[in-house]
Engineer: 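Sharing a structure with you now.
Order of the sequence lines sets the chain letters (A, B, ...), proteins ahead of strands, with each chain counted from 1. Every value quoted in this text rests on a predicted model; they were computed, and no experiment measured them.
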Protein chains: 2
Amino acid sequence: MTARPRGKATGPCPIGRAVGVIGERWTLLILRNATLGTTRFEAFRSELGIADNILSDRLARMVEAGLLARVPYTEGRRVRHEYRLTDAGAGVLPVLHALAAWGEEHTRAGESSPSMRVVHRPCGHATGPGGPRATCDHCGQPIRRDDELWVRPWRSPDPIPLAQPFPWKSR
Amino acid sequence: MTARPRGKATGPCPIGRAVGVIGERWTLLILRNATLGTTRFEAFRSELGIADNILSDRLARMVEAGLLARVPYTEGRRVRHEYRLTDAGAGVLPVLHALAAWGEEHTRAGESSPSMRVVHRPCGHATGPGGPRATCDHCGQPIRRDDELWVRPWRSPDPIPLAQPFPWKSR
DNA sequence: TATCTTAACTTGCATATTGCAAGTTGTCAG
DNA sequence: CTGACAACTTGCAATATGCAAGTTAAGATA
């Protein structure tokens with residue numbers, strides 16, 4: 001054996017552990033799309049353009065790592081499975097925010113395409129430049145996950161609510 | 001050719017672009033250590049345990065991507081090069097914060113080792129649980145990069161100041 | 001001067017990961 | 001009974017990674 005076991009989540013440094021779990025190729029992109037509501041194999045495959053054997057492998061590993069839950073559902077009378085964010089998977093949101101902000105600031109889209117924005121539902125206002133924040137630029141309140149909408153104009157003008165973690169907490 | 005060209009930084013989604021640039025294996029760990037002051041090939045190699053051909057490749061690619069600057073320096077009368085964070089490389093700090101927070105919350109160190117903390121120099125207080133923040137938990141002020149110290153007790157009890165981006169801005 | 005050492009690479013080769021294409025399985029629609 | 005489809009699995013070729021060893025340039029040592 002030569003390459004070290006991937007996905008090692010041990011060690012004293014929390015950054016190293018995080019990279020070991022969510023730093024694999026595709027993993028953050030799968031989490032991004034799951035955050036935007038994607039749950040099914042075929043949807044991930046076509047949205048991401050990932051090879052299906054790799055997707056299969058990644059989803060299984062992410063379930064094992066506790067990022068996604070594989071939950072059965074019925075389509076007609078047929079049992080299928082979908083992949084839903086767990087708390088740990090949903091907890092990657094601040095990482096996605098930070099990546100979005102860095103990407104907006106330090107990379108350029110090929111075409112001049114309109115930026116991604118985050119809308120705070122209660123006040124209806126979007127983030128300013130610099131990307132999504134934990135706190136609303138407009139009303140100053142912390143943005144709760146279920147009050148957060150993403151606008152990705154290159155896909156659709158409609159704001160997209162974020163997927164809530166599974167199992168859904170009653171509160 | 002089969003595997004798609006890695007490190008593609010184009011496309012409309014800023015998260016996808018960010019992952020294309022800083023999402024490669026080792027890249028975030030190199031940036032973490034560079035943020036903590038590492039600048040030299042040999043130091044990265046021994047700190048990270050990365051194979052030297054891979055390190056050579058990554059550093060070159062990171063220079064090309066504008067994350068690091070290769071700057072000559074003299075050791076005695078001899079000219080060497082070191083790798084210093086650029087603005088773009090230093091700008092990854094919020095991603096490292098988010099990863100650290102996620103890692104603390106959702107992964108476990110093998111041994112029970114003391115957590116990483118961030119200290120705000122002006123007020124001398126460390127972040128509470130949940131990991132590093134953009135704003136000081138104690139005094140409420142935004143934490144400027146040059147007022148931020150990391151404490152990584154498994155390496156040393158001493159707080160480590162963060163490397164400043166190169167070229168250093170006069171202000 | 002000759003040899004040693006070190007940082008920073010480069011090269012060769014074995015192993016691991018990724019991607020593509022094609023095959024498989026279990027429904028369901030017609 | 002014949003597709004069609006989602007969700008995989010398998011085989012194979014192309015890349016990436018890791019290890020070990022070689023290279024280069026200059027400073028240190030003898």
Engineer: Are OP1 or OP2 of C:dT18 and a side-chain N or O of B:Arg25 less than 4.0 angstrom apart?
Structural biologist: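 Answer is no, no contact under 4.0 Å.
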Engineer: Is any side-chain N or O of A:Tyr73 closer than 4.0 Å to OP1 or OP2 of D:dA6?
Structural biologist: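 Checking A:Tyr73 against D:dA6: no side-chain N or O falls below 4.0 Å of OP1 or OP2.
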Engineer: Output the rounded distance in Å from CZ (B:Arg58) to P (D:dT17).
Structural biologist: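 In whole Å, D:dT17 P and B:Arg58 CZ are 4 Å from each other.
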Engineer: Would you mind telling me which residue lines up with the more 5' stretch of DNA chain C, B:Glu42 or A:Ala51, judged by nearest nucleotide?
Structural biologist: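 Result of the comparison: B:Glu42.
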Engineer: List the residues meeting side-chain contact (heavy atoms from CB on, under 4.5 Å) with A:Ala18, not counting sequence neighbours, and say none if there are none.
Structural biologist: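 Partners of A:Ala18 under the side-chain contact (heavy atoms from CB on, under 4.5 Å) test: B:Leu99, B:Trp102.
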Engineer: Are more than 12 heavy atoms from other residues, nucleotides or ligands located less than 6.0 Å from atom CD of A:Glu64?
Structural biologist: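 Open: at most 12 neighbouring heavy atoms sit under 6.0 Å from CD of A:Glu64.
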Engineer: Please report, rounded to the nearest Å, how far the C1' atom of D:dT15 is from the CD1 atom of A:Ile54.
Structural biologist: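 Atom CD1 in A:Ile54 sits about 12 Å away from atom C1' in D:dT15.
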Engineer: My understanding is that only residues two or more places apart in sequence, or in another chain, count here; which of them pass side-chain contact (heavy atoms from CB on, under 4.5 Å) with A:Asp52?
Structural biologist: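 Listed in chain order: A:Phe41, A:Arg45.
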Engineer: If I take atom CD in residue B:Glu24 and atom C1' in nucleotide D:dT17, what distance separates them, rounded to the nearest angstrom?
Structural biologist: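 It works out to 12 Å between those atoms.
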Engineer: Taking only distance into account, with no hydrogens and no angle test, what donor-acceptor pairs under 3.5 Å do side-chain atoms of residues 115-123 of chain A form with protein atoms, sequence neighbours excluded?
Structural biologist:
unit_1, atom_1, unit_2, atom_2, d
A:Ser115, OG, A:Glu104, OE1, 3.3
A:Arg121, NH2, A:Asp146, O, 2.8

Engineer: Can you tell me which residue pairs pass the ring pair (Phe, Tyr, Trp, His ring centres under 6.0 Å) test with a partner in residues 122-149 of chain A, sequence neighbours excluded?
Structural biologist: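 Output for this query lists A:His125-A:His138.
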Engineer: Taking atom P of D:dT15 as reference, at what distance in whole Å does atom CG of B:Asp57 sit?
Structural biologist: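 From B:Asp57 CG to D:dT15 P: 14 Å.
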Engineer: Base, sugar-phosphate, or nothing: which does B:Phe44 touch, judged by heavy atoms less than 4.0 Å apart?
Structural biologist: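 Contact class for B:Phe44: none.
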Engineer: Is it the case that atom CD in B:Glu47 sees more than 12 heavy atoms from other parts of the structure closer than 6.0 Å?
Structural biologist: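 Yes, enclosed.
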Engineer: I need the CZ-P distance between B:Arg80 and D:dG27, as an integer number of Å.
Structural biologist: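 Atom CZ in B:Arg80 sits about 9 Å away from atom P in D:dG27.
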Engineer: Taking OP1 and OP2 of C:dC9, is either one under 4.0 Å from a side-chain nitrogen or oxygen of B:Tyr83?
Structural biologist: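 B:Tyr83 to C:dC9 OP1/OP2: side-chain N or O found under 4.0 Å.
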Engineer: Rounded to whole angstroms, how far apart are CZ on B:Arg45 and C1' on D:dA20?
Structural biologist: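 So the two atoms are 13 Å apart, to the nearest Å.
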Engineer: Give the rounded distance in Å between these two atoms: NE2 of B:His81 and P of D:dT24.
Structural biologist: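 Rounding to the nearest Å, NE2 of B:His81 and P of D:dT24 are 17 Å apart.
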Engineer: For nucleotides 10-12 of chain D, list the nitrogen or oxygen atoms of the protein found under 3.5 Å from its nitrogen or oxygen atoms, one pair per line.
Structural biologist:
unit_1, atom_1, unit_2, atom_2, d
D:dG11, O6, A:Asn53, ND2, 3.3

Engineer: Show which side-chain atoms of residues 151-163 of chain A pair as donor or acceptor with protein atoms under 3.5 Å away, not counting sequence neighbours.
Structural biologist:
unit_1, atom_1, unit_2, atom_2, d
A:Ser156, OG, A:Asp158, N, 2.9
A:Ser156, OG, A:Asp158, OD2, 3.4

Engineer: Between A:Ile30 (CD1) and D:dA7 (C1'), how many Å, whole number?
Structural biologist: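 Nearest whole value for this atom pair: 14 Å.
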